[in-house]
Amino acid sequence: MAAMAALQSSMTGLSLSSNPFLGQRLSILPSLSPLHIKPRENPCLIVVKLKRWERKECKPNSLPVLHKMHVKVGDTIKVIAGRDKGKIGEISKIFKHNSTIVVKDINLKTKHMKSREEGQPGQIIKIEAPIHSSNVMLYSKEKEVTSRVGHKVLDDGKKVRYLIKTGEIIDSDENWKRLKEAAKEKTEVAAAAAPAADTTSAS
């Protein structure tokens, strides 16, 4: 009991009102006030580079702008740059939205095909990857030279392409007939293969 009485007397002796800091506002010293930083007269300019994946120019209907190309399907060309430099081939397909072409047996890539049906093994095949049209030049089989392409109008009013070095006309009627026959054969083969695929799937 004596200990409790002594503790109470000591607690009453400590008066919170005697604390001089209680209930008073802290005065901020001028040295601790926020600093006012003046802006520079000539700020540094940050130059941002254009990103490589930015959208290209499109038409009002949101389709990509097609580029003019100096080659067409069926032209004989020679590769002048890249891994297959010096090879000669025939163009089988063109893509005007990015100016690339596909040449027969040139720029072959390996592709691993998975099995589509049970029991059918996978395959490793070679496909022709596209190359840029600026890496090829038109080639003359008769003179065995590469040349740039020119345009001229014939007497009958037909506009054709020709090789500047040799004067050989590229857009001849024989070439167009050959291309039409090749396209017709492809469509016939595809039409014949479609019923066969349907019968195998049904069985």
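Take L154 and apply the side-chain contact (heavy atoms from CB on, under 4.5 Å) test, not counting sequence neighbours, and it matches K152, D156, V160, I169. Every residue meeting the salt bridge (charged side-chain N to carboxylate O under 4.0 Å, His left out) condition with K158, not counting sequence neighbours, appears here in chain and number order: D173.
Here the NZ-CD distance, from K141 to E90, works out to 6.5 Å after rounding to the nearest 0.5 Å. Atoms CD1 and NZ, on I106 and K85 in that order, are 14.0 Å from each other to the nearest 0.5 Å. Here R148 contributes atom CZ and K165 contributes atom NZ; the two are 10.5 Å apart, rounded to the nearest 0.5 Å. Remark: K126 NZ to K111 NZ distance equals 14.0 Å, nearest 0.5 Å. Note that NE2 of H132 is 9.5 Å distant from CD1 of I101, once rounded to the nearest 0.5 Å.
Closest approach of S134 and I80 over heavy atoms only: O-CD1, 3.9 Å. Taking each heavy atom of M69 and T100 in turn, the nearest pair found is CE-O, 4.0 Å. K59 and P64 get closest at one heavy-atom pair: CE-O, 4.0 Å.
Inter-residue side-chain proximity for I124 and M113 is flagged as unmet; no heavy-atom pair is nearer than 4.5 Å. Within the 4.5 Å cutoff, no side-chain heavy atoms of M137 are placed close to those of S147. For the pair H151 and Y162, the minimum side-chain heavy-atom distance is 4.5 Å or more. The side-chain heavy atoms of Y139 and T146, taken from C-beta on, include a pair separated by under 4.5 Å. Counting heavy atoms from C-beta on, the side chains of N107 and E128 never come closer than 4.5 Å.
A donor-acceptor pair under 3.5 Å is absent between the side-chain atoms of S99 and the main chain of S133, judged by distance alone. Remark: the backbone N or O of V145 is not paired with any side-chain donor or acceptor of S140 at under 3.5 angstrom.
There is no path of hydrophobic side-chain contacts, each under 4.5 Å, that joins V102 to V79. The hydrophobic clustering, which links ILVMFWY residues whose side-chain heavy atoms are closer than 4.5 Å, places I88 and L138 apart. Hydrophobic cluster membership is shared by V71 and V73, with clusters built from Ile, Leu, Val, Met, Phe, Trp and Tyr side chains linked at under 4.5 angstrom.
A side-chain hydrogen bond (donor to acceptor under 3.5 Å, both in side chains) check over residues 68-79, counting only residues at least two apart or in different chains, returns the pairs D75-R161.
With a 6.0 Å radius and a threshold of 12 heavy atoms from other residues, nucleotides or ligands, E142 has its CD atom at or below the threshold.
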